[in-house]
Number of protein chains: 2
Amino acid sequence: MSEIITTYPEVKKCNVSYILAVNDTLNVISGKWKLPIIATMLKERQRFSEIQKQIPKISPRMLSKELRELELNGVVVRTVHNTTPVLIEYGLSGSGKKIMDVLDKMVEWGLNHRELILHQNAEKAGLMSH
Amino acid sequence: MSEIITTYPEVKKCNVSYILAVNDTLNVISGKWKLPIIATMLKERQRFSEIQKQIPKISPRMLSKELRELELNGVVVRTVHNTTPVLIEYGLSGSGKKIMDVLDKMVEWGLNHRELILHQNAEKAGLMSH
DNA sequence: TGAATTACTATACAATAGTATACTAGTATT
DNA sequence: AATACTAGTATACTATTGTATAGTAATTCA
């Protein structure tokens with residue numbers, strides 16, 4: 001048995017607060033609409049109807065629900081302007097803007113992974129033709 | 001209107017392959033069991049029953065399903081040993097091991113975000129007592 | 001007065017994700 | 001011959017997530 005099990009050197013310490021932290025992050029970015037919604041607010045704050053125009057397929061129910069969740073999680077800030085008619089704007093909090101760092105890493109991994117798989121498939125095809 | 005909309009400077013280029021890359025990454029880490037399963041394989045390859053022992057609450061159906069998906073996505077490698085009884089081992093591929101880089105970023109963001117929110121709540125509590 | 005805009009909510013339903021429980025084929029042990 | 005271990009599969013169910021469609025209150029415009 002022992003000869004067929006390889007140990008990898010790059011093992012990291014992993015405690016409970018790390019697991020909670022990863023879960024917090026996943027909560028902010030997983031689901032069908034959270035990332036598209038966050039994306040609309042990267043440049044500037046947006047109103048409800050403007051987000052709807054930029055994400056035409058989202059229903060108002062989902063947009064309302066996701067914005068409420070993101071606000072509860074401290075990622076989105078909702079601002080009510082005392083004008084007539086009342087204007088409501090949604091923007092990213094400090095953390096919300098920093099989520100781009102995580103997304104950048106995800107892009108990096110994803111692109112790298114795609115390339116690795118393409119190479120593997122090319123190798124397999126090469127072997128099979130010989 | 002224009003005075004109440006702030007533009008953030010840190011806008012990134014975003015094209016279709018970036019979105020695909022993020023989605024690929026999310027597919028690998030989202031869901032209830034994928035990360036726990038990957039975690040068991042960080043140190044060394046594992047057999048089906050060993051993963052079950054380390055994640056007692058997972059049903060064999062889910063473990064089987066998730067391992068199959070991870071293998072299809074090129075994150076997990078399944079090795080069959082021609083012994084009696086047959087031994088099957090699951091380990092991480094090169095990409096699979098590198099997913100830790102993404103998780104590290106998620107831990108970083110998550111811990112930071114928790115701290116920011118705690119500070120905010122402390123400030124609010126301070127204001128309210130005055 | 002009637003239509004349009006803004007920022008949603010309500011209700012019902014469909015689709016996906018996850019659970020619970022039992023079962024299987026092959027081999028080895030008692 | 002009965003039991004147990006390995007690596008799962010099968011079936012039926014519940015829970016969560018997302019969709020479709022209609023409606024609402026307050027205000028403004030023609």
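Each chain gets a letter, A, B and so on, in the order its sequence line appears, and its residues count up from 1. All values derive from a computational prediction rather than experimental measurement.
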Respond yes when some side-chain nitrogen or oxygen of [X] is under 4.0 Å from OP1 or OP2 of [N], and no when none is.
X       : N      : answer
B/Ser64 : D/dG8  : no
B/Lys57 : C/dT19 : no
B/Lys32 : C/dT19 : yes
A/Arg61 : D/dG18 : no
B/Arg47 : D/dC5  : no
A/Tyr90 : C/dT6  : no
A/Arg68 : C/dT9  : yes

Non-hydrogen side-chain atoms of A/Phe48 and A/Ile88 separated by less than 4.5 Å: no
Which is more 5' along DNA chain C, the nucleotide nearest A/Pro85 or the one nearest A/Lys65? Just name the residue. A/Pro85
Just how far, in rounded Å, is [atom2] of [N] from [atom1] of [X]?
X       : N      : atom1 : atom2 : result
B/Ile58 : C/dA20 : CD1   : C1'   : 14 Å
A/Met62 : D/dT19 : CE    : P     : 6 Å
B/Trp33 : C/dA20 : CH2   : C1'   : 13 Å
B/Asn27 : C/dT16 : CG    : C1'   : 13 Å
B/Phe48 : D/dG8  : CZ    : P     : 6 Å
B/Lys34 : C/dG18 : NZ    : P     : 7 Å
B/Ile51 : D/dT6  : CD1   : P     : 13 Å
A/Leu35 : D/dG18 : CG    : C1'   : 16 Å

Measuring from the side chain of A/Leu87 (C-beta onward, heavy atoms only), which nucleotide among D/dT9, C/dG18, C/dA7 has the closest atom? C/dA7
Checking the side chain of B/Trp109 only, and the main-chain atoms of A/Ser95 only, is there a donor and an acceptor separated by less than 3.5 Å? yes
Please confirm whether the backbone N or O of B/Thr40 pairs with a side-chain atom of B/Gln46, one donor and one acceptor, at under 3.5 Å? yes
Using a 4.0 Å heavy-atom cut-off across all strands, classify B/Ser59 as base, sugar-phosphate, or nothing. nothing
Partner of B/Ser64 under side chain to side chain donor-acceptor pair (under 3.5 Å), chosen from B/Arg61, B/Glu66, B/Arg68: B/Arg68
In this structure, CG of A/Leu67 is separated from CG of A/Leu72 (nearest 0.5 Å) by 11.5 Å
